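Labels below follow one simple rule: chain letters A, B, ... track the order of the sequence lines, proteins then strands, and each chain is numbered from 1. Note that this is a predicted model, so its numbers are computed, not measured.
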Amino acid sequence: MPDGPLIVQSDKSLLLEVDHPLAKDARRAIAPFAELERAPEHVHTYRLTPLGLWNARAAGHDAEQVVDALVRYSRYPVPHPLLVDVADTMDRYGRLQLVKHPTHGLVLHALDKPVLEEVLRSKRTKGMVGTRIDDENVAVHPSERGRLKQALVKLGWPAEDLAGYVDGEAHDISLEQDDWHLRPYQEEAVETFWHGGSGVVVLPCGAGKTLVGAGAMARSGTTTLILVTNTVAARQWKDELVRRTSLTEDEIGEYSGTRKDVRPVTIATYQVLTTRRKGTYTHLELLDAHDWGLIVYDEVHLLPAPIFRMTADLQARRRLGLTATLVREDGREDEVFSLIGPKRYDAPWKDIESQGYIAPAECTEVRLTLPDGDRLAYATAEPEERYRLAASAPGKTRVVRQILDKHQGEQTLVIGQYLDQLGELSQALDAPLVTGETTVAERQRLFDGFRAGEIDVLVVSKVANFSIDLPEASLAIQVSGSFGSRQEEAQRLGRLMRPKADGRSAHFYAIVARDTVDQDFAAHRQRFLAEQGYAYTIVDAEDLAAA
DNA sequence: GATGGTGTAA
DNA sequence: TAAGCTACACCATC
């Protein structure tokens with residue numbers, strides 16, 4: 001395509017011209033395998049990585065489709081070596097397989113003998129394999145199944161795990177779909193996961209990931225261990241399961257700091273599993289308390305490191321990871337890939353939006369030029385003071401007021417990172433403030449007031465990241481955010497996306513101080529959403545006042 | 001056995 | 001990069 005939107009470069013970066021009429025189509029075509037790296041105004045940079053290509057491969061895309069997408073939207077002839085490289089990389093996935101052998105148990109099976117020779121000679125696989133059966137097969141000790149997969153990913157030869165799973169203890173679970181039904185994409189996610197065996201389902205906030213979990217549990221019909229990040233999430237899982245499935249309260253246990261109930265379906269926090277005394281994990285017995293047939297990892301992008309280690313030993317059990325943003329700021333995506341499994345299902349946010357399940361959202365970055373005094377203070381500040389200084393620039397208060405004026409009557413969350421800043425905003429706007437110090441009862445009272453429409457504006461700190469019990473809102477103004485967390489930004493936007501009765505859009509504003517690190521971090525935070533097709537309109541604070 | 005406060009880890 | 005929040009263990013109190 002001579003005037004296509006995409007420029008494919010031999011260093012494996014893809015440049016997408018955002019304003020091109022075919023940019024949306026191109027984005028959709030490359031999304032399954034390319035990762036967005038930078039997303040400034042006009043040209044977005046994507047990158048081809050082995051992991052991205054392998055995920056695509058595991059999801060059933062073949063090299064031909066990838067090559068076709070690149071060639072179709074590329075403005076210039078695609079460098080031939082790159083196409084060859086894409087095909088080669090994708091072809092590396094699955095040349096080794098983990099399979100069940102009738103006599104030798106778990107076996108690493110090669111579709112390509114030299115590859116087997118190569119990986120067996122590597123130091124990384126030492127001690128993980130046993131008897132050499134023949135030139136295509138080598139026995140693997142079951143306890144090394146996870147670590148071997150990790151090693152093989154690192155060696156660039158990811159194995160396809162076809163060895164199956166223990167059945168687990170049967171336990172009847174069915175969805176009670178009398179006055180509701182799984183949405184088509186949820187059904188599809190459950191089926192794709194089930195046939196894939198283990199892996200990750202990626203769905204936007206508010207798209208009903210819990211029901212995908214419930215669907216998988218019903219499909220499995222076994223005892224299930226659900227791991228969650230916090231107690232609020234644990235309670236929500238329990239409520240949802242009681243409401244939507246045949247499970248009763250008695251069949252669902254909570255295993256946390258305060259309660260240690262193990263039931264056929266047990267919901268545990270990651271933390272309780274990772275707590276140690278004198279260097280040894282104290283609650284590992286939970287993993288053997290039942291013959292779990294399914295393990296669900298909620299918010300799998302937040303999986304703490306020790307859970308990876310434990311999960312390496314759980315490879316014989318089916319594993320379902322759920323997340324809205326399969327990006328980790330610590331770069332451990334490859335461990336999610338090898339230990340939980342590849343990405344099995346991924347519905348782009350915009351697709352779910354176009355089906356009406358989440359509200360459309362308009363994102364705006366408002367750039368505020370600091371007054372000379374503040375600029376000087378910023379310029380002379382110590383490096384570690386700079387972000388805080390820029391992020392909590394006093395001028396932001398005025399901008400917040402202007403945005404509120406523009407959107408009168410919207411239920412609004414003002415979200416920020418620094419308690420001092422939030423305190424001042426709360427005073428200036430005469431709006432209640434909710435932080436970690438706010439008692440649970442007081443939070444409840446304020447959220448109820450907000451939900452009832454008695455309170456229009458709530459100023460909230462990072463509590464909003466954790467207690468997901470937040471009420472509906474249609475406007476959010478972010479005055480500061482933590483450094484470059486993409487996942488936080490996505491979550492904050494996700495808060496607003498419950499569909500509105502009248503089909504209105506949600507509005508998300510990020511106020512940043514121009515020419516400071518605040519602006520740089522904001523750009524990084526926006527990346528994931530840009531990848532999902534959310535374009536930030538950049539507005540000058542002065543123009544906002546005029547508009 | 002429940003509740004509340006303190007210190008620590010991630 | 002730092003600040004903020006949560007969950008846990010432990011202990012004290014009722």
[X]/[Y] ion pair, N-O < 4.0 Å:
X	Y	answer
A/E365	A/R367	yes
A/D540	A/R514	yes
A/E37	A/R47	yes

Distance check needed: [N] [atom2] versus [X] [atom1], whole Å only.
X	N	atom1	atom2	answer
A/Y281	B/dA10	OH	C1'	12 Å
A/R277	B/dA9	CZ	C1'	16 Å
A/Q417	C/dC5	CD	C1'	11 Å
A/Q491	C/dC5	CD	C1'	13 Å
A/E437	B/dG5	CD	C1'	15 Å
A/F466	C/dC8	CZ	P	14 Å
A/I267	C/dA7	CD1	P	14 Å
A/L419	C/dC5	CG	C1'	10 Å

Checklist entry - Does NZ or CZ of A/R145 lie under 6.0 Å from the centre of the six-membered ring of A/Y165, at an angle within 45° of the ring axis? => result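 Yes, a cation-pi geometry holds between A/R145 and A/Y165.
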Residue [X], side-chain heavy atoms: nucleotide from [options] that is nearest:
X	options	result
A/K462	C/dA2, C/dA3, C/dA9	C/dA3
A/V463	C/dA2, C/dC5, C/dC8	C/dC5
A/Q271	C/dA9, C/dC5, C/dT6	C/dT6
A/F483	C/dA2, C/dA3, C/dC5	C/dA2
A/Y418	C/dG4, C/dC8, C/dA7	C/dG4
A/T231	C/dT1, C/dC10, C/dA7	C/dA7
A/T275	C/dA9, C/dA7, C/dG4	C/dA9

Taking only the side-chain nitrogens and oxygens of [X], find out if one of them lies under 4.0 Å from OP1 or OP2 of [N].
X	N	value
A/H283	C/dA7	no
A/R443	C/dT6	yes
A/K260	C/dA9	yes

Please work out if [X] contacts a base, only the sugar-phosphate, or nothing of the nucleic acid, heavy-atom cut-off 4.0 Å.
X	answer
A/S256	sugar-phosphate
A/T435	sugar-phosphate
A/Y387	nothing
A/Y270	nothing
A/R259	nothing

Checklist entry - Is A/L475 close to A/L496 at the side-chain level, that is, under 4.5 Å between some pair of heavy atoms? => result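 Heavy-atom side-chain distance check fails, nothing below 4.5 Å.
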Item to check | Check against ring-ring contact (aromatic ring centres under 6.0 Å, His included), A/F193 and A/Y345 | outcome: CA-CA 7 Å; A/F193 158 73; A/Y345 189 83; over 10 Å; no
